[in-house]
Amino acid sequence: MAKMHIKLTVNNRAVEALAEPRLLLIHLLREELGITGPHIGCDTSHCGACTVDMNGKSVKSCTVFAVQASGAEITTVEGLAGADGSLHPLQEAFREHHGLQCGFCTPGMIIRAYRMLQENPNQSEAEIRHGISGNLCRCTGYLTIVRAIRAAAEQMNRAREAAE
Amino acid sequence: MRFSLPAKWEKAETDPRKIEGRTRSPGNELWEECELIPAPFAYHRPQSLQEAIGLLTQPGQHARVVAGGHSLIPMMKLRLAKPEQLIDLQDLSELRGIRSESGAMVIGAMTTQHELIGSELLAASCPIIRETSLVIADPQVRYCGTLGGNLANGDPGNDMPAVMLALGAVYRAQGAQGERDIPARDFYRGIYSTALLDGEILTAIHIPIPAEGHGWAYEKQKRKVGDYATAAAAVVMTMASGICTQAAIALTNLADTPLLAQHAGEALVGSGVDEAVITEAARRAQGITSPSADVRGPVDFRVHVAGVMVRRAIARAKQRAR
């Protein structure tokens with residue numbers, strides 16, 4: 001099948017690629033673009049390891065074709081850190097609060113938490129747990145992940161208030 | 001199902017100049033033996049409904065529309081679906097949105113579950129839709145998954161069809177011959193089989209706004225977040241001075257199609273919906289189920305759970321009714 005010319009923005013960088021229609025977004029990111037933050041876990045839209053931010057929504061990039069993402073703005077975990085390499089408050093909090101063990105789910109977990117806090121910066125523990133219910137972690141039992149997200153939210157809110 | 005990946009999974013090539021002729025690109029023999037890579041297809045992103053219907057009705061081609069894609073794409077990966085033409089409806093803004101129109105809610109087929117959850121209009125007039133949306137899949141899937149996709153897919157595990165049966169919704173379909181309306185209660189024929197004809201696209205859902213102060217509940221038993229129901233029940237009912245004046249009960253994933261439990265609903269009408277009446281309604285609802293034994297449990301268990309879901313849904317709907 002003929003390849004299609006697609007254009008999208010990935011982590012604020014304009015990207016063009018030739019993609020066969022059946023190429024999945026996760027494969028475009030990882031194999032064509034070398035962006036290996038999003039992981040391939042279950043490949044069936046259950047585990048959330050491949051989660052990326054697409055046009056302001058968290059999506060599982062194993063269940064989106066690259067051609068469907070043509071024209072989209074994508075942010076992966078690589079896009080969260082500052083240009084100087086300083087970590088995003090979520091990344092910092094995951095490190096500080098031990099929000100990961102093996103780390104496989106972490107890029108998806110963090111990029112999902114990022115969108116969640118954009119939508120509502122003040123979330124209860126129950127809301128956080130509901131919000132990350134599409135991301136599986138087989139190590140932590142979620143306790144430290146929830147703790148890290150709460151801590152990051154507080155940090156981000158403090159920074160926002162200080163800026164106002 | 002076996003999920004296999006190519007044996008020689010070579011190091012990723014990151015040089016964009018080498019995109020052509022890549023070792024791990026589709027078309028490479030490694031991909032052909034991989035069960036998680038769909039069969040080849042041509043992709044279209046029409047800019048109008050007319051264009052979409054034109055593409056869908058090309059002679060001699062197996063074409064399918066894709067809405068949110070979270071049912072179709074997994075099926076394509078398993079090669080259970082092999083459309084030659086994939087028609088992506090994402091740019092058709094005319095198929096999105098929620099509005100109130102002469103006593104009915106009109107919801108565009110491409111409206112996502114995330115949008116249904118956030119709609120104040122629906123929360124005020126038809127809250128069972130929000131309650132149901134929240135138990136479908138997970139947050140990521142709900143950003144993509146659409147009402148129309150959930151309804152037109154024909155998978156008995158989908159949650160929205162039973163809700164639409166309970167609400168007495170009407171589906172609007174458009175094809176090359178024009179528009180027609182299909183009542184939800186006549187829509188479902190079997191597993192993945194609906195009244196939608198080849199070349200037709202579900203465009204909108206019309207839901208008669210339930211009476212002010214009605215009670216509602218969608219009770220779903222599932223093993224984990226993201227799972228289909230072991231059994232689920234939708235109840236919409238109206239109470240006046242402690243007496244039920246109208247009730248509809250429908251069931252999810254308990255037969256080849258969603259089920260309207262008409263006699264169960266009738267058991268409530270004219271009563272005060274006390275314990276004995278609820279028991280009778282649950283018994284009648286269980287009587288029309290024919291689930292298959294699967295990973296969610298043996299038949300007897302699923303029928304049992306169906307009864308529990310119906311009882312809970314009625315009790316909660318009654319509690320909410322004013």
Side-chain angles (χ1 to χ4, degrees), chain A residues 1-4 6 15-24 27-36 40 42-48 50-72 108 111-112 115-116 119 129-136, chain B residues 1 3 5 9-16 18-20 22-28 31 34-45 66 68-74 76-78 82-86 88 90-91 112 114 118 134 137-145 224-227:
Chain A
M1 199 57 69
K3 292 189 176 184
M4 298 180 82
I6 60 172
V15 169
E16 295 187 28
L18 288 171
E20 198 187 334
R22 60 178 169 160
L23 181 77
L24 294 162
H27 291 136
L28 175 81
L29 293 171
R30 291 181 58 85
E31 295 162 22
E32 310 289 346
L33 304 177
I35 296 169
T36 54
I40 301 173
C42 68
D43 220 333
T44 55
S45 81
H46 286 98
C47 78
C50 65
T51 300
V52 301
D53 203 68
M54 177 167 145
N55 295 332
K57 299 165 180 177
S58 307
V59 303
K60 295 181 171 177
S61 60
C62 75
T63 308
V64 175
F65 291 118
V67 286
Q68 292 181 288
S70 189
I111 204 74
R112 170 61 195 140
R115 176 51 46 198
M116 225 164 82
E119 289 179 353
R129 285 180 179 273
H130 183 78
I132 58 167
S133 60
N135 295 73
L136 300 182
Chain B
M1 191 61 66
F3 294 88
L5 288 167
W9 209 231
E10 296 174 23
K11 188 180 175 299
E13 175 61 70
T14 53
D15 184 346
K18 295 184 185 167
I19 282 178
E20 283 292 347
R22 296 182 39 72
T23 51
R24 291 172 62 188
S25 296
N28 179 293
W31 284 63
C34 176
E35 287 181 358
L36 285 173
I37 304 298
F41 59 87
Y43 173 81
H44 309 272
R45 204 192 284 187
V66 60
H70 279 56
S71 295
L72 182 58
I73 294 173
M76 289 171 68
K77 287 183 175 191
L78 296 170
K82 289 193 265 187
E84 296 159 301
Q85 310 286 331
L86 189 68
D88 184 349
Q90 68 167 291
D91 285 351
T112 64
H114 179 75
L134 281 167
D138 62 47
Q140 282 95 319
V141 177
R142 291 194 292 265
Y143 283 114
C144 293
K224 59 178 271 294
V225 165
D227 194 18

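Letters go in sequence order (proteins before strands), and every chain restarts at 1. These numbers were taken from a predicted model, which means no experiment stands behind them.
Listed options A:Gly71, A:Cys62, A:Gly48, A:Ala2 were ranked by heavy-atom pairs under 4.5 angstrom with chain B; first place goes to A:Cys62. The greatest number of non-hydrogen atom pairs below 4.5 Å with chain B, out of A:His130, A:Met54, A:Arg112, A:Met116, is found for A:Arg112.
Of the possible donor and acceptor atoms, one in the side chain of B:Lys77 sits under 3.5 Å from a partner among the backbone N and O of A:Asp43. In this structure a side-chain-to-backbone donor-acceptor pair under 3.5 Å is present from A:Arg22 to B:Pro38.
Scanning both residues, B:Pro74 and A:Thr63, for their nearest heavy atoms gives CD-CG2, 3.9 Å.
The side-chain heavy atoms of B:Cys144 and A:Val59, taken from C-beta on, include a pair separated by under 4.5 Å. Proximity of A:Ser58 to B:Pro139: side-chain heavy atoms (C-beta onward) are nowhere separated by under 4.5 Å. Taking 4.5 Å as the limit, every side-chain heavy atom of B:Leu86 sits out of range of all side-chain heavy atoms of A:Pro21. Side-chain contact between B:Gln140 and A:Asn135: present, with at least one pair of heavy atoms (C-beta onward) separated by less than 4.5 Å. Side-chain atoms of A:Gln68 and B:Ile73, non-hydrogen and from C-beta on, do get closer than 4.5 Å to each other. Within the 4.5 Å cutoff, no side-chain heavy atoms of A:Glu20 are placed close to those of B:Phe41. Two residues are said to be in side-chain contact when any heavy atoms from C-beta on lie closer than 4.5 Å; A:Val67 and B:Arg45 fail this criterion.
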Open item on the list: What verdict does the side chain to side chain contact (heavy atoms under 4.5 Å, CB included) test give for B:Lys224 and A:His46, after you've listed the backbone C-alpha separation in whole Å, the side-chain angles of each residue and the deciding distance to 0.1 Å?
Closed with: CA-CA 11 Å; B:Lys224 59 178 271 294; A:His46 286 98; 4.2 Å; yes

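Proximity to chain B involves both the backbone and the side chain of A:Ser45, based on heavy atoms less than 4.5 angstrom apart. Interface residue B:Ala39: only backbone heavy atoms are found under 4.5 Å from chain A.
When the ring-ring contact (aromatic ring centres under 6.0 Å, His included) test is applied to B:Tyr43, no partner is found at least two apart in sequence or on another chain. In terms of the salt bridge (Lys or Arg N to Asp or Glu O under 4.0 Å) criterion, residue partners of A:Asp53 (sequence neighbours excluded) are, by chain and number, A:Arg115.
With rounding to the nearest 0.5 angstrom, the CG atom of A:Leu24 is 6.0 Å from the CD1 atom of B:Ile37.
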